[in-house]
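In what follows, chains are A, B, ... by sequence order, proteins preceding strands, each numbered from 1. This one's a predicted model, so the numbers in the text were calculated from it and none came from an experiment.
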Number of protein chains: 2
Amino acid sequence: MDDHTKLILEVSAKPLFPPVYASARLPAAADALEAAVTAAKAGADPATFFWVDREDRLEAAIVLQPEQALEQALPILHVGMIGIGDALGALVPPQMAVTFGWPDRLEANGGLVGGLRLAAPAGCAPDAVPDWLVLGLTILVQRRLIGGEEPGMDPTRTALHEEGCGELTVPDILEAFSRHFLLWVNRFEEEGPRPCLEHWLERGTDYSRSTAVTLRDSVHAGTFIGLDDQGGMLLKTETVQALPLATVLAGPSWSL
Amino acid sequence: MDDHTKLILEVSAKPLFPPVYASARLPAAADALEAAVTAAKAGADPATFFWVDREDRLEAAIVLQPEQALEQALPILHVGMIGIGDALGALVPPQMAVTFGWPDRLEANGGLVGGLRLAAPAGCAPDAVPDWLVLGLTILVQRRLIGGEEPGMDPTRTALHEEGCGELTVPDILEAFSRHFLLWVNRFEEEGPRPCLEHWLERGTDYSRSTAVTLRDSVHAGTFIGLDDQGGMLLKTETVQALPLATVLAGPSWSL
């Protein structure tokens with residue numbers, strides 16, 4: 001960001017968040033999630049919105065105070081994803097596909113472009129209401145390409161500016177995200193997880209198709225048929241068993 | 001059977017089997033399978049065809065000398081089923097459906113009408129060539145209905161004469177079965193089990209559909225997708241597992 005742009009930002013106080021949020025700007029080297037967790041542990045207000053002031057990468061984290069048990073509150077991660085999905089959907093060219101990789105990945109035209117994180121108090125039981133949650137969001141806006149790397153060489157990784165969004169700035173995305181996220185948080189509180197989860201599935205990569213997910217070093221393969229109420233991925237697998245014909249040697253299955 | 005008919009049978013030596021068989025007639029109270037097993041143990045020739053001389057019920061058993069290991073020889077039960085299936089198919093009115101219930105049941109218009117049995121030397125290992133096998137066949141030709149029972153009251157059970165085959169006699173069926181079985185035994189020996197198994201599936205109840213099979217007191221449910229080379233029923237089942245979203249609390253699935 002050049003000095004001129006910085007000046008404009010400060011003057012116009014960009015990003016401008018809806019009043020429910022308390023904006024907390026962090027220097028370029030800071031870790032937004034770490035800062036938000038530290039603040040949450042110290043009793044920071046819910047809706048404190050930490051964001052890192054850099055232009056190559058969006059790094060943000062929001063302090064949340066859920067009313068549900070941890071297990072029921074987990075889909076707030078998906079609420080965050082549909083918030084950024086809708087925000088990008090409104091900002092980027094229509095030919096750019098914004099999709100979600102379960103559980104927490106953001107994809108642009110099929111390549112990994114960012115992700116979300118969720119932090120809870122250590123040792124919080126699934127059925128206990130956590131004192132706080134922190135939702136983190138990271139998006140690569142520009143990439144520094146190393147050595148002979150060129151955009152598109154590795155189709156599994158990308159940055160927004162490589163996908164035809166060269167005009168898009170971090171504050172633009174932060175503002176749009178803050179609004180869309182707020183909308184969906186309210187819907188989540190009022191209507192429960194299903195509307196959010198169904199909306200998530202609209203951008204869900206491999207939804208209704210065969211997929212393989214690596215989770216804690218084990219691969220789970222199957223058909224991705226939906227999400228459960230706690231945001232878990234429902235994976236249908238088929239097994240074929242052979243009932244042995246040798247059973248007939250023990251006697252007939254019929255009697256007349 | 002009246003005396004006149006009996007006389008004709010004796011004169012014409014009905015049933016007339018193809019010369020490969022040795023016909024062994026048993027009195028009405030005999031158990032064909034038991035008689036054939038006793039004879040097989042005592043070294044009876046292969047293709048000895050035991051049949052019980054009664055008109056209400058077809059009871060027959062054939063001594064066989066397989067060349068394969070027991071495991072590979074098991075589908076001879078299915079060869080027996082397609083033998084009787086084709087025999088009945090040629091004898092009964094075309095509107096009568098002859099079907100097979102895995103592993104060993106014969107059905108007429110959906111009701112149980114008979115079945116097959118297979119006996120092998122006790123303790124014969126699956127990979128050992130048995131000294132003998134005995135294939136048993138039982139069909140209800142006429143039923144004695146008890147109390148207030150009427151044909152069709154219980155659609156799961158029937159007899160050939162209740163399904164519009166009042167003209168059909170036990171010797172007719174025995175003759176047709178002996179010919180069709182011989183044909184398919186030869187095909188089984190020359191081409192292996194697949195042609196027989198595919199032909200079996202043409203009359204296989206619930207083939208390609210959802211089914212539930214009770215085997216040794218446990219119920220197996222799934223889609224009946226075929227038979228393996230040993231005549232085992234291939235049952236496809238679907239399971240849905242939920243990959244928990246709580247995995248995100250341990251750290252992101254992505255790195256940028």
Side-chain angles (χ1 to χ4, degrees), chain A residues 57 70-71 74-75 77-78 101-106 112-120 122 124 126 136 138-140 143 157 159 213-216 220 222-223 225-228 230-256, chain B residues 57 70-71 74-75 77-78 101-106 112-120 122 124 126 136 138-140 143 157 159 213-216 220 222-223 225-228 230-256:
Chain A
R57 193 172 169 122
L70 176 58
E71 207 170 34
L74 286 174
L77 183 98
H78 289 140
W102 190 93
D104 56 1
R105 289 186 302 283
L106 280 177
L112 180 73
V113 76
L116 281 93
R117 281 187 283 179
L118 193 64
C124 179
T138 302
I139 297 175
L140 275 187
R143 277 198 296 178
R157 301 185 157 270
V213 175
T214 305
L215 210 64
R216 295 189 197 108
H220 302 263
T223 305
I225 59 165
L227 297 169
D228 68 16
Q230 287 79 46
M233 178 188 241
L234 295 174
L235 212 52
K236 189 176 74 178
T237 49
E238 288 177 349
T239 47
V240 175
Q241 62 171 158
L243 305 184
L245 183 56
T247 182
V248 297
L249 297 174
S253 76
W254 47 271
S255 68
L256 297 174
Chain B
R57 193 174 169 121
L70 177 57
E71 205 170 36
L74 286 174
L77 183 98
H78 289 139
W102 190 93
D104 56 1
R105 288 186 303 283
L106 280 177
L112 180 72
V113 76
L116 282 93
R117 282 186 284 178
L118 194 64
C124 179
T138 302
I139 298 176
L140 274 188
R143 277 198 296 177
R157 299 183 159 272
V213 176
T214 305
L215 212 63
R216 294 187 198 110
H220 303 263
T223 305
I225 58 165
L227 297 169
D228 68 16
Q230 286 80 47
M233 177 189 241
L234 296 173
L235 213 50
K236 189 176 76 177
T237 50
E238 289 178 348
T239 48
V240 175
Q241 62 172 156
L243 306 182
L245 184 57
T247 182
V248 298
L249 297 174
S253 77
W254 46 271
S255 67
L256 297 174

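Annotation for B/L249 and A/A120: closest pair CD2-CB, 4.0 Å, computed over non-hydrogen atoms. Pairing each heavy atom of B/W102 with each of A/L243, the nearest pair is CZ2-O, 3.3 Å.
Interface residue B/Q230: only backbone heavy atoms are found under 4.5 Å from chain A. At a 4.5 Å heavy-atom cutoff, the contact between B/V113 and chain A is made by backbone atoms alone. There is no contact between A/T214 and chain B, counting heavy-atom distances below 4.5 Å. Residue contact with chain A, scored on non-hydrogen atoms closer than 4.5 Å, involves the side chain of B/L70 exclusively. For B/R143, no part lies under 4.5 angstrom from a heavy atom of chain A. A/L215 touches chain B through its side chain: at least one heavy atom from C-beta onward sits under 4.5 Å away, while N, CA, C and O do not. For a residue to count as touching a neighbouring chain, one of its non-hydrogen atoms must lie under 4.5 Å from one of that chain's; by this rule B/L74 touches chain A with backbone and side chain alike. Both the backbone and the side chain of B/L234 come within less than 4.5 Å of a heavy atom of chain A.
Listed by chain and residue number, A/P103, A/D104, A/R105 satisfy the side-chain contact (heavy atoms from CB on, under 4.5 Å) test with B/S253 (two or more places apart in sequence, or in another chain). Evaluation of the salt bridge (charged side-chain N to carboxylate O under 4.0 Å, His left out) rule for B/R157 yields no partner, not counting sequence neighbours.
In terms of non-hydrogen atom pairs under 4.5 Å with chain B, the most contact-rich of A/G232, A/A246, A/A119 is A/G232. Taking A/K236, A/H220, A/R117 one by one and counting their heavy-atom pairs under 4.5 Å with chain B, the maximum is reached by A/K236. Contact tally against chain A (heavy-atom pairs below 4.5 Å) for B/I225, B/D228, B/L112: the top residue is B/L112. No other option in A/L227, A/L140, A/L116 has as many heavy-atom pairs under 4.5 Å with chain B as A/L116. For the set B/L118, B/T239, B/V240, B/T138, the count of heavy-atom pairs under 4.5 angstrom toward chain A peaks at B/T239. Of all the listed residues (B/G136, B/G114, B/P126), the one sharing the greatest number of non-hydrogen pairs under 4.5 Å with chain A is B/G114.
How far CZ of A/R57 is from CG of B/L256: 5.5 Å, rounded to the nearest 0.5 Å.
A 4.5 Å side-chain heavy-atom check between A/T223 and B/E238 finds every atom pair outside the cut-off.
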